[in-house]
Protein chains: 2
Amino acid sequence: MTRSTAAGAGVRRGRPPRGASQLSRDAIVDATLEVVDADGVAGVSMRSVARVLGVDAKSLYNHVDGKDGLLDAVAEHLLGGVSIPPATGDIRVDLPAIADAFRERALLHPEAAPLVLTRRLASFEGLAPVEALLGMLRSAGCSTGESVHLVRFLVASLIGTLLREVQAGPTLGISDQDGIAARQRTLEDSGLPHVIEAAPRLARFDRDAEYRYTVQAATALVLDRVRASRA
Amino acid sequence: MTRSTAAGAGVRRGRPPRGASQLSRDAIVDATLEVVDADGVAGVSMRSVARVLGVDAKSLYNHVDGKDGLLDAVAEHLLGGVSIPPATGDIRVDLPAIADAFRERALLHPEAAPLVLTRRLASFEGLAPVEALLGMLRSAGCSTGESVHLVRFLVASLIGTLLREVQAGPTLGISDQDGIAARQRTLEDSGLPHVIEAAPRLARFDRDAEYRYTVQAATALVLDRVRASRA
DNA sequence: ACCTGAACACCGTTCAAGT
DNA sequence: ACCTGAACACCGTTCAAGT
């Protein structure tokens, strides 16, 4: 049913062989993503993942460090797959390209996005975007120190934006016309003057438009910072 | 042992009366925060919270909508307590003041911060900061549309930053000298030239300094946006 | 080297009964 | 109106045994 079209960059494509004892870390991660796509992160249990593989839950412990390790592995698998196009030297092109690559990968399995965005922020699987951002800033003339600060700011902003994008998915968005109306009414009942004034706009949420605004604002900020660094 | 000094703004102070049937939504939220402070969000279960109150776990269902509703209530309780100082009319003062108020409240119970920052991003308990930000931007001359976009960007950036601040708490930070060294070594082993160059700076993380950088960058961005809006 | 049966100490939640 | 006993269908994880 959920037959996701784009699987990882892995070798094996379809669902892993059931019943056969073909267990491997990769197969387990794939099976977990199958569960996540179907039932969300909350649906992941050692037992539910094992069921997909036609195997006993305890067998997973031979390949993965408990449930926590399993979820880490999933986050790492997704983060590790970020592939960034070569730099052009123009920040107005390269910054959006890096952000897009990260976003695309993080939203590959929307239900898994919170995992990718909140777990392992300190991990080293997600270093590709950091390397690209650092390279961009350094060759634009920023100091190493300024570059590191700026990279952290950019990553944090992007993560915050994507986290809301994912959360807003079902609840807000254009899809749910009644939800928007109800939401607007709640906002208007808040008694806060500026919230009331902005209620029609606060009630709706266009994911792509919000993302583009974030990237554009971030780009402007970086350009400003680079200009200041040069002076 | 964990005797947190600053409790909420609630009326009752100490631990709720044990054994007595004094159950109430507020008492349950307080008890949950006690568990969170001691054992983290992962330590929260209907049974562990009930144990703090000297009550059967099932009794909680009379006041709270399951475990999910309980965690929502905790997030709302914390978010609802944000109190923002009156505006001065100077963005360079007011924006940091709003951010500080939000941060202070979100980090009141550090272990509960992920709850506050990720749950209920669409909630209406956290409207006070939104109202303050909208007011600031509108009276600075931004259109309603631009103000809404900007508020979303600012909130997302702040949430992303605070989320990392909380995550970085135990692992990075100044505290763990060996951790920093190990982390630096890993970065240097990545093979990524700019990551290697920046490794000493990437390895350490000063929470307050990073937060200040975020607020300052955000302030600069807003000032720039306001200037553009006027022209 | 890897899989599993037995086992343990947990979970969230419903519902009918009690007071 | 609110609390609980009995009950159900789950959890994660260990360990000793099997192959």
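Each chain gets a letter, A, B and so on, in the order the sequences are listed, and its residues count up from 1. Bear in mind that the values here come from a model prediction, so they are computed numbers and not experimental data. Excluded from the calculations below are hydrogen atoms, water molecules and symmetry mates; all remaining heavy atoms, backbone and side chain alike, are included.
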Exercise. So which nucleotide does dC11(C) pair with, by the Watson-Crick or G-U wobble rule with both distances under 3.5 Å?
Worked result: none
Exercise. Any donor-acceptor pair under 3.5 Å linking the side chain of K58(A) with the backbone of M46(A)?
Worked result: no
Problem set entry | Any I180(B) side-chain heavy atom under 4.5 Å of Q177(B) side chain | yes
Problem set entry | dA16(D) pairs with, by Watson-Crick or G-U criteria that keep both distances under 3.5 Å | dT4(C)
For this session: Establish, yes or no, whether the cationic atom of R103(B) lies under 6.0 Å from the six-membered ring centre of Y211(B) and within 45° of the ring axis.
Result: yes
Problem set entry | Listed nucleotide nearest any side-chain atom of K58(A), set dT14(D), dT4(C), dT13(C) | dT14(D)
Problem set entry | Whole-Å distance separating the OH atom of Y61(B) from the P atom of dT14(C) | 7 Å
Exercise. What's the CG-P distance between D56(A) and dT19(D), to the nearest Å?
Worked result: 16 Å
Exercise. Which nucleotide in the set dC11(D), dG5(D), dG12(D) lies at the smallest distance from any side-chain heavy atom of R51(A)?
Worked result: dC11(D)
For this session: Check whether more than 12 heavy atoms from other residues, nucleotides or ligands sit under 6.0 Å from atom CG of D65(A), and answer yes or no.
Result: no
For this session: Round to a whole Å and report the spacing from CE of M46(B) to P of dC10(D).
Result: 19 Å
For this session: For K67(A) and dC10(D), give me the distance from atom NZ to atom P, rounded to whole Å.
Result: 15 Å
Problem set entry | Between dT14(D) (C1') and L60(A) (CG): distance, integer Å | 15 Å
Exercise. Counting side-chain heavy atoms from C-beta on, which of dC3(C), dC11(D), dC11(C) comes nearest to S45(A)?
Worked result: dC11(D)
Problem set entry | C1' gap between dC8(C) and dC10(D), integer Å | 15 Å
Exercise. Taking only side-chain nitrogens and oxygens of H63(B), does any of them come within less than 4.0 Å of OP1 or OP2 of dA1(D)?
Worked result: no
Seminar exercise, completed: Of the candidates dC11(D), dT4(D), dG12(D), the side chain of N62(B) sits closest to dT4(D)
Exercise. Which of these passes side-chain contact (heavy atoms from CB on, under 4.5 Å) with H109(A): V116(A), T32(A), L33(A)?
Worked result: L33(A)
For this session: Measure from CD1 on I28(A) to C1' on dC3(C) and round the result to the nearest Å.
Result: 12 Å
Problem set entry | N or O in side chain of S59(A) less than 4.0 angstrom from dC2(C) OP1/OP2 | no
Seminar exercise, completed: The nucleotide from dC3(D), dT13(C), dG12(D) with an atom nearest the side chain of R47(A) is dG12(D)
